[in-house]
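Since the structure comes first, as structure tokens, the remarks are kept for the end.
Computed from a predicted model, the values in this text were never measured in an experiment. By convention here, the first residue in the shown sequence is residue 1.
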Amino acid sequence: MPPAPSQLAYIPFVSVENMMRFIHHFGVEQVLIELTDAIEADYRRWDVFEKIPRLASHSRDGVIELMPTSDGEAFSFKYVNGHPSNMAKGFQTVAAFGLLARVDTGYPLMLAEMTLLTAFRTAATSAMVARHLAPREAGVMAMIGNGAQAEFQALAMKAVVGVKEVRLYDIDAKATEKTVRNLQGSGLRVVSCSSAQDAIEGAHIITTCTADKAYGTILTDNMVGSGIHINAIGGDCPGKTELHRDILSRADTFVEFEPQTRIEGEIQQMDPSYQVTEFWRVLTGEAEGRRDARQITLFDSVGFATEDFSALRYIHSKLQGTDFFQQIDILADPDEPRDLFGMLQRAA
Ligand code: NAD
């Protein structure tokens, strides 16, 4: 939906309220399915994207990150924080917004809230990877960490992978109660568990999604049997991991963009010679995914800029003909390009 030059001063802004209206209009699971396909389509053209590890500003309590990328035609960036201590203060651990722009003029195309959109794109990315790597007919998932991301993760695995049962565990029972409540009526069988060990009983997919700025061991080696797919999304920052390194020694590990994951992912615990596969290579057939039913596959997810790009483009592509946005004049655009000062004077 490229706007005509005369309209360029106004761009659509998708607020939190409008993002929620958008999602309810199209349906949570439908958005998750379509977003999974959009993210996968961009992973399949990996080479065209500009890729750098995200810029991270670390502080005692958390991190603020900028995540840019471009496919040569469009550019996007996301501003996102990660503050595990926020929850105790009544704030979100992760909050975000993002911008999509044209590369030819450098003019922005859309500004959007991305706190909800990040939860959707993270769940869609998990599901995209799981539909290629999880054991066949994976019907049961364990969800360890029942915070803000949890329901999105469970619903994406249901909608895209066909999961039927989710087994929940969180150190805070209130978080599990909230997730049980929110997933009522979703069509998932929801089981509340008393420990991580209990939660992974019979699970084909284990998602770890906890938030703690520490080297955690949510899963130890003796807990993980053969044939499992692990979707580790909570460890996404230097000094923040969820898995014991012995699990990594037994698993085949798949990552988004290796230079970023080496800094932020579970593999920060491993020697630089530890072998990983960038997931796009599985999609294009250049690398093997799951080889056999006994293999442990691990998606060491940290979140990568192309996923946000795909999500912003997906939202932008569906805005036309809807009222799920406001027009904002974020850009000063005088009729005579060199007469910026004249524009200011005429407004007096
Ligand atoms: P949140 O703070 O809302 O929830 C985290 C939950 O983990 C809390 O309910 C907490 O009680 C629980 N928890 C902490 N330690 C635990 C333990 N040892 N065992 C079981 N549960 C434990 O956070 P969120 O928004 O759900 O995000 C979770 C994590 O995922 C964060 O670390 C965030 O940075 C990360 N994340 C990653 C991606 C990605 O793309 N990989 C995207 C979004 C968020």
Side-chain angles (χ1 to χ4, degrees), residues 32-33 36-37 39-40 43-44 122-145 153-169 187-191 193 195-209 217-235 241-256 258 261 265-267 269-270 274-301:
L32 284 165
I33 290 168
T36 303
D37 292 340
I39 293 169
E40 181 164 325
Y43 262 76
R44 287 179 185 276
T122 305
T125 303
S126 295
M128 167 188 73
V129 173
R131 80 173 159 193
H132 292 280
L133 295 185
R136 282 214 302 208
E137 289 166 28
V140 181
M141 82 179 273
M143 182 77 229
I144 303 173
Q153 287 287 325
L155 290 174
M157 290 297 183
K158 169 181 179 268
V160 177
V161 184
V163 159
K164 294 185 173 47
E165 176 175 323
V166 57
R167 301 176 61 80
L168 302 172
Y169 172 68
L188 279 166
R189 194 163 51 248
V190 183
V191 182
C193 301
S195 65
Q197 180 73 59
D198 181 16
I200 65 176
E201 199 62 48
H204 309 107
I205 298 173
I206 304 174
T207 293
T208 54
C209 188
T217 41
I218 307 304
L219 297 180
T220 51
D221 189 34
N222 60 335
M223 291 165 77
V224 178
S226 61
I228 297 290
H229 175 65
I230 304 172
N231 176 45
I233 63 172
T241 57
E242 296 182 304
L243 308 182
H244 192 282
R245 52 173 289 143
D246 289 353
I247 297 174
L248 304 186
S249 305
R250 284 166 64 210
D252 287 303
T253 300
F254 298 82
V255 299
E256 291 147 315
E258 184 176 343
T261 312
E266 296 301 322
I267 58 171
Q269 307 178 67
M270 307 304 276
Y274 177 76
Q275 287 290 312
V276 299
T277 303
E278 285 190 336
F279 180 69
W280 66 272
R281 299 183 67 232
V282 176
L283 292 176
T284 57
E286 287 170 51
E288 246 183 343
R290 173 167 289 276
R291 286 187 311 276
D292 60 64
R294 296 190 54 76
Q295 183 187 10
I296 299 170
T297 51
L298 163 63
F299 177 38
D300 183 2
S301 165

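Rounded to the nearest 0.5 Å, atoms CD (Gln275) and CD1 (Ile267) are 10.5 Å apart. Interatomic distance, His229 NE2 to Gln295 CD, rounded to the nearest 0.5 Å: 11.0 Å. Here CG of Leu168 is found 8.5 Å from CE of Met141. Values are rounded to the nearest 0.5 Å. Taking CG of Leu298 as the reference point, atom CD1 of Ile247 lies at 8.5 Å (rounded to 0.5 Å). Here the straight-line distance linking atom CD of Glu266 with atom CG of Leu219 works out to 9.0 Å at 0.5 Å rounding.
Taking Glu288 as the reference, nothing meets the salt bridge (Lys or Arg N to Asp or Glu O under 4.0 Å) condition, with sequence neighbours excluded. Partners of Glu278 under the salt bridge (Lys or Arg N to Asp or Glu O under 4.0 Å) rule, at least two apart in sequence or in another chain, do not exist in this structure.
Residues Thr297 and Phe254 have side chains in contact (heavy-atom distance under 4.5 Å, counting atoms from C-beta outward). Under the 4.5 Å side-chain criterion, counting only non-hydrogen atoms from C-beta, Met157 is in contact with Asn231. At a threshold of 4.5 Å between non-hydrogen side-chain atoms, the residues Asp246 and Thr220 do not count as touching.
Side-chain N or O atoms of Arg167 include one that pairs as donor or acceptor with a backbone N or O of Glu201 at under 3.5 Å. In this structure, Glu256 contributes its side chain and Thr261 its backbone to no donor-acceptor pair below 3.5 Å. For the pair His204 (side chain) and Gly139 (backbone), a donor-acceptor distance under 3.5 Å is present. In this structure, Ser195 contributes its side chain and Asp198 its backbone to a donor-acceptor pair below 3.5 Å.
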**Message:** As a quick check of understanding, evaluate side chain to side chain contact (heavy atoms under 4.5 Å, CB included) for Val224 and Leu243, giving each step before the final call.
**Reply:** CA-CA 10 Å; Val224 178; Leu243 308 182; over 6 Å; no
**Message:** For Ser126 and Ile233: C-alpha separation, side-chain torsions, deciding distance, then whether side chain to side chain contact (heavy atoms under 4.5 Å, CB included) applies.
**Reply:** CA-CA 8 Å; Ser126 295; Ile233 63 172; 3.8 Å; yes
**Item:** Steps toward side chain to side chain contact (heavy atoms under 4.5 Å, CB included) verdict (Ile206, Met223)
**Value:** CA-CA 11 Å; Ile206 304 174; Met223 291 165 77; over 6 Å; no
**side chain to side chain contact (heavy atoms under 4.5 Å, CB included) evaluation trace for Leu248 with Asp300** = CA-CA 10 Å; Leu248 304 186; Asp300 183 2; 5.8 Å; no
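When all heavy atoms of Val282 and Gly289 are compared, the closest pair comes out as CG1-CA, 3.9 Å. Nearest heavy atom pair, residue Gly202 against residue Val140, reads O-CB, 3.6 Å. Scanning all heavy atoms of the two residues, the minimum distance from Ala156 to Ala127 falls at O-CB, 3.8 Å. Considering every non-hydrogen atom in both Cys209 and Glu242, the closest pair reads N-OE2, 3.5 Å. In terms of heavy-atom proximity, Val166 sits nearest to Ala154 at CG2-CB, 4.2 Å. Annotation for Ser249 and Met270: closest pair OG-CE, 3.9 Å, computed over non-hydrogen atoms.
Pairs passing the salt bridge (Lys or Arg N to Asp or Glu O under 4.0 Å) check and including a residue from residues 126-136, sequence neighbours excluded, read Asp37-Arg131, Glu40-Arg131.
Ring geometry for Phe279 against Phe299 counts as tilted: the plane angle lies between 30° and 60°, on a 0 to 90° scale.
Within 6.0 Å of atom CD in Glu286, more than 12 heavy atoms from other residues, nucleotides or ligands are found, so the atom counts as buried in its surroundings.
For the pair Arg290 and Asp252, the salt-bridge criterion is not met [side-chain N within less than 4.0 Å of a carboxylate O].
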